[in-house]
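One-based numbering, in listed order, for ligands and for the atoms of each. If you're wondering where the values come from, they're calculated on a predicted model, not measured in any experiment.
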Amino acid sequence: MAGSVQNQQQQQLLGIIEEEEEKLQKQKEETEGNNNNNNNTRKQVGSDMAPTAGNSIHRSGSRPQLDVSKAEIQGNVEEKYPTILLPNQSDDLSHLALDIGGSLIKLVYFSRHEDQSADDKRKRSVKERLGLSNGNRRSFPILGGRLHFVKFETRKINECLDFIYSKQLHCGGLESHYSDGVTDQNGIIKATGGGAYKYADLFKERLGVSLDKEDEMNCLVAGANFLLKAIRHEAFTHMEGHKEFVQIDPNDLFPYLLVNIGSGVSMIKVDGDGKFERVSGTNVGGGTYWGLGRLLTKCKSFDELLELSQKGDNRTMDMLVGDIYGGLDYSKIGLSASTIASSFGKTISEKKELEEYRPEDISLSLLRMISYNIGQIAYLNALRFRLKRIFFGGFFIRGHAYTMDTISFAVHFWSNGEAQAMFLRHEGFLGALGAFMSYEKHGLDDLMVHQLVERFPMGAPYTGGKIHGPPLGDLNEKISWMEKFLQKGTEITAPVPMTPLAGTTGLGGFEVPLSKGNTLRSDASALNVGVLHLVPTLEVFPLLADPKLYDPNTIDLSDHSELEYWLTILSEHLPDLVDKAVASEGGTDDAKRRGDAFARAFSAHLARLMEEPSAYGKLGLANLLEMREECLREFQFADAYRSIKQRENEASLAVLPDLLVELDSMDEESRLLTLIEGVLAANIFDWGSRACVDLYHKGTIIEIYRMSRNKMRRPWRVDDFDEFKERMKMPCHKRALLFVDNSGADIVLGMLPLARELLRRGTEVVLVANSLPALNDVTAMELPDIVAEAAKHCDILRRAAEAGGLLVDAMINTSDSSKENSSSVPLMVVENGCGSPCIDLRQVSSELAAAAKDADLIILEGMGRALHTNLNALFKQDALKLAMVKNQRLAEKLVKGNIYDCICKYEPAS
Ligand SMILES: CC(C)(COP(=O)(O)O)[C@@H](O)C(=O)NCCC(=O)O
Ligand SMILES: [Mn+2]
């Protein structure tokens, strides 16, 4: 019975929609006509709101100048180090620290985020309503920005100086943002390592700067502590070719043993921040391997030497237990025949000259000798001080799988499996990071894991922290460099094959570690360090039941076939995305060139990941989808779906009044069901789904919407509607957070009517939208205009939007009939802090975190936010997850269903 009433209502609704269809088609044609003529002449919803990130990335070629005009203190002037906002500062100010070692120079430098000063009306009203004073930024003297990691060979110090000069890293600095340092403290760079002494005069001569020397051990420890506390999945284990990321609890980090393998080796017992003791070391380190290796093999570089070891067989050099015991194990004392009894020992009995040995074998034997030795001494020191964790860092390792396996094997062997070696992704940058942190007052050491986002910009798959060719300056340089790179046909370094080889040698485990193959990924690409984005205003979403147990991703991409599938999906979507992106920028030659460069860069990222899935740390689908958006931004595509979003918003807003009338004619119960159906049906408007994009080529928005609504037959694949309905009969929620998804029908005909229903029942509503564009997702900047348009036809929305400070100019004429309900509960919009179709609730904006404090209902909508991420997330408050599954494989995998199935998952507060 209820079903037939519903069907009748649905038919009525669709009838109205059909009438509108013709009107809309006409409008659409007009719109397209206008678009072709002139993008800017038409009144467009949100048209003046598009973020200007594209422009703000521009850097002038000349030396950066500090522009303090209109400078103002942000936040409380009484604070010790209030942030000074420089609204007219357009050049990136940088802050640089160096670790100048015997072999390598490591640079860490900071560049300010370009858009920190943006503050719109919406943000101001949210701050007022939620009692946020300037976000939480005021407690951080550091402004948002990026930390970059770069290295040079010390013998090529001039290249390093050129790089610093071209980027003007020696000029300006963070001090410029502080109250007591608006003057440019030009002239001093923090530096550590022996080269800080050795090359001080050269820096003075070439750049006019003095090197302010910082203690090396201090820096190493400060750098390691920072990374282990602030970077997610910084540490990993590496055994038999298998890399596994380890999440360290920052509250349970100390004590640990830090083994820094540079030219020599230092072993440091770390008990806390600034609390450490160098307990041991060995002079047999990276320098020994390179020095002896160079003499013995005539190799020209460390990397070449490492590469040789990949093809080596140490049995020709090393004396094994089996060599002594006639091929037998010495089982009584636990030594297998393949254990190395004496490194290079075999060469004593053979009457061969150096030239008669293969350089490959020499290199491998040397590498194993030194790695085992370091592993063994490290373990003995850990035992001596009862330290359960050993972290290995330093550039000797350089992400080299075989070296890590060898060290791990030694630690495992000597500890009888009780201890495990761990490695750090930023292994070589500990000292430089520590030196960077020694600049006073930058507040970096206060930053926590949720305030740092690691991202891989355009250069990552190629450079991996190493600069090839001239340093990259502006976008033009970036693209031409990319073009040259590709023309030259420079290979993206070959993968490390994981082929198991037969037999055993060495310490009894394996003949050749599994990670050793025919080719070595050069350290340039093995050094998988991204750019760290420092966003001091990010917070952990306060309504997560247990943030420690929270994992945003639903799909496990460590399953290789899964990863391959999603990488292929992204790759196949690329041509269409490039078309949209280029069109969004007017299809100019410049846009085409950028589109091309974007496609190459993003494809290179995908290829890199296909070869080495853990190249960028632990990766989930959310990261992959975010990387695509980041890459678009990198090539200055501010909003690839801008015009599609505008068109769909307009079309949907035209239908909205009739939908509202229709909804208002229903009783509460069927209205609630119709509303939820509406959300699910309208979630079909997703330009990120291959299947949906194919559909859009076959019909108009309204045809698709009608088809989608017609498919809304209950029970849905996951159907907790009845439980939700029961809850809605109880006293209303105080505040609901609605995590909205797509523009057009999704927001206008789906989520806004649901928001209206909640408002009408007396629940405050906070619409949570993206901070930056991602596919056709609606952004927090665009929403107020959409709400204002909708409010013209709806008294409930108008009053609530006014109460929420969304309608600043109350000039709305309403034609809504529901005036009897004089609700003044507010409707607000907050940004979520991300620019991705998914959401990682460990890193949300401070305004969302503030809004969440009084919320008792969370509604997550869409595939990205409710399925790819957060499907399994548990919350402290009631949660409703709504989405249409627009991918066949995902439907099968998650719900044993089919494409276009719907999910309505309700979970009362846990
Ligand atoms: C990118 C998306 C998560 C966006 O979905 P939404 O959150 O808008 O519902 C989704 O379109 C998606 O997973 N697309 C890739 C899969 C495919 O093309 O089938
Ligand atoms: Mn979306």
Side-chain angles (χ1 to χ4, degrees), residues 552-555 557 562-577 580 602 606 620-632 639-642 644-645 648-649 679-697 704 708 738-748 750-751 767-780 782-783 832 834-840 859-871 881-895 897-905:
N553 288 292
T554 308
I555 299 287
L557 291 190
E562 205 62 54
L563 177 73
E564 211 172 307
Y565 174 76
W566 288 102
L567 290 176
T568 310
I569 283 273
L570 291 181
S571 173
E572 286 172 359
H573 190 233
L574 202 49
D576 186 58
L577 177 61
K580 299 283 181 308
F602 187 59
L606 297 181
L621 196 47
N623 308 89
L624 279 183
L625 291 167
E626 190 196 13
M627 193 195 329
R628 179 170 65 182
E629 301 299 332
E630 272 299 308
C631 211
L632 276 170
D639 189 351
Y641 289 84
R642 191 186 340 227
I644 289 175
K645 291 195 289 182
E648 293 191 358
N649 285 340
V679 170
L680 294 171
N683 191 236
I684 201 163
F685 293 100
D686 165 11
W687 283 88
S689 148
R690 184 69 188 265
C692 293
V693 174
D694 288 348
L695 271 183
Y696 308 151
H697 294 142
I704 293 159
S708 183
L738 272 57
F739 288 77
V740 297
D741 181 6
N742 303 319
S743 301
D746 196 331
I747 179 70
V748 176
M751 289 303 265
L767 300 175
V768 184
N770 264 23
S771 300
L772 291 171
L775 292 165
N776 59 323
D777 291 355
V778 66
T779 66
E782 293 159 348
L783 258 179
N832 60 13
C834 58
S836 148
C838 299
I839 184 163
D840 179 342
I859 302 183
L860 286 156
E861 189 232 344
M863 210 161 135
R865 289 163 190 82
L867 299 185
H868 289 328
T869 49
N870 303 311
L871 184 63
K881 298 166 185 173
L882 298 171
M884 178 187 276
V885 199
K886 290 149 289 186
N887 174 283
Q888 179 64 29
R889 180 174 165 122
L890 194 77
E892 285 167 23
K893 175 128 194 152
L894 291 187
V895 289
N898 282 308
I899 189 163
Y900 306 125
D901 277 352
C902 288
I903 311 288
C904 171
K905 190 174 178 189

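K645 and N742 form no side-chain donor-acceptor contact under 3.5 Å, judged by distance and modelled atom types alone. Between N623 and R628, the side chains place no donor N or O within less than 3.5 Å of an acceptor N or O (distance only, hydrogens not considered). Looking at Y565 and N887, their side chains do bring a donor and an acceptor atom within 3.5 Å of each other.
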Could you go through S771 and N832, starting from their C-alpha distance and side-chain angles, then the distance that decides it, and tell me whether this counts as side-chain contact (heavy atoms from CB on, under 4.5 Å)?
CA-CA 6 Å; S771 300; N832 60 13; 3.8 Å; yes
Set out, in order, the CA-CA distance, both residues' side-chain angles and the distance that settles ring-ring contact (aromatic ring centres under 6.0 Å, His included) for H573 and W687, then state yes or no.
CA-CA 10 Å; H573 190 233; W687 283 88; 9.1 Å; no
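Between the Mn ion (ligand 2) and the N, O or S atoms of D741, the shortest distance is to OD1.
When only non-hydrogen protein atoms are considered, atom 9 (O) of ligand 1 lies nearest to K886 NZ, 2.5 Å. Looking from atom 14 (N) of ligand 1 to the surrounding protein, the closest heavy atom is G688 O, 2.9 Å.
Within the 4.5 Å cutoff, the side chain of E782 has heavy atoms near those of the D639 side chain. Using a 4.5 Å heavy-atom threshold, the side chains of L695 and F685 count as separate.
Relative to atom 7 (O) of ligand 1, the option among G864, P837, A866 with the closest non-hydrogen atom is G864.
Considering backbone and side-chain atoms together, R865 places no N or O closer than 3.5 Å to any N or O of ligand 1. Ligand 1 has a nitrogen or oxygen under 3.5 angstrom from a nitrogen or oxygen of D686. Between M863 and ligand 1, at least one pair of N/O atoms sits closer than 3.5 Å. Every N/O-N/O distance between W566 and ligand 1 stays at or above 3.5 Å.
In summary, the atoms of ligand 1 found under 4.0 Å from a heavy atom of R690, numbered by their order in the structure, are 17 (C), 18 (O), 19 (O). Of all atoms in ligand 1, numbered sequentially from 1 with element shown, those under 4.0 Å from a heavy atom of G862 are 7 (O), 9 (O). Per-residue contacts place N887 under 4.0 angstrom from the following atoms of ligand 1 (heavy atoms of the residue considered): 16 (C), 17 (C), 19 (O). Heavy-atom proximity to L775, at under 4.0 Å, picks out these atoms of ligand 1: 1 (C). Close approach of ligand 1 to D741 (heavy-atom distance below 4.0 Å) involves ligand atoms 6 (P), 7 (O), 8 (O), 9 (O). Listed by number with element, the atoms of ligand 1 under 4.0 Å from a non-hydrogen atom of N742 are 8 (O).
Ionic pairing of R865 and D777 is present here: one or more N-O contacts between side-chain nitrogen and carboxylate oxygen are shorter than 4.0 angstrom. One finds no salt bridge joining E861 and K881 here, because no Lys/Arg side-chain nitrogen approaches an Asp/Glu carboxylate oxygen to under 4.0 Å.
For N683, every heavy-atom contact with ligand 1 shorter than 4.0 Å involves the side chain, none the backbone. Within the 4.0 Å heavy-atom criterion, the part of H868 lying near ligand 1 is the side chain and not the backbone.
With hydrogens and angles disregarded, no donor-acceptor distance shorter than 3.5 Å links the side chain of N553 to the backbone of I555. Side-chain atoms of K886 come within 3.5 Å of backbone N or O of N683 as a donor-acceptor pair.
Our summary of the site lists the angle at the Mn ion (ligand 2) between OD1 of D777 and OD1 of N742 as 80°, to the nearest 10 degrees.
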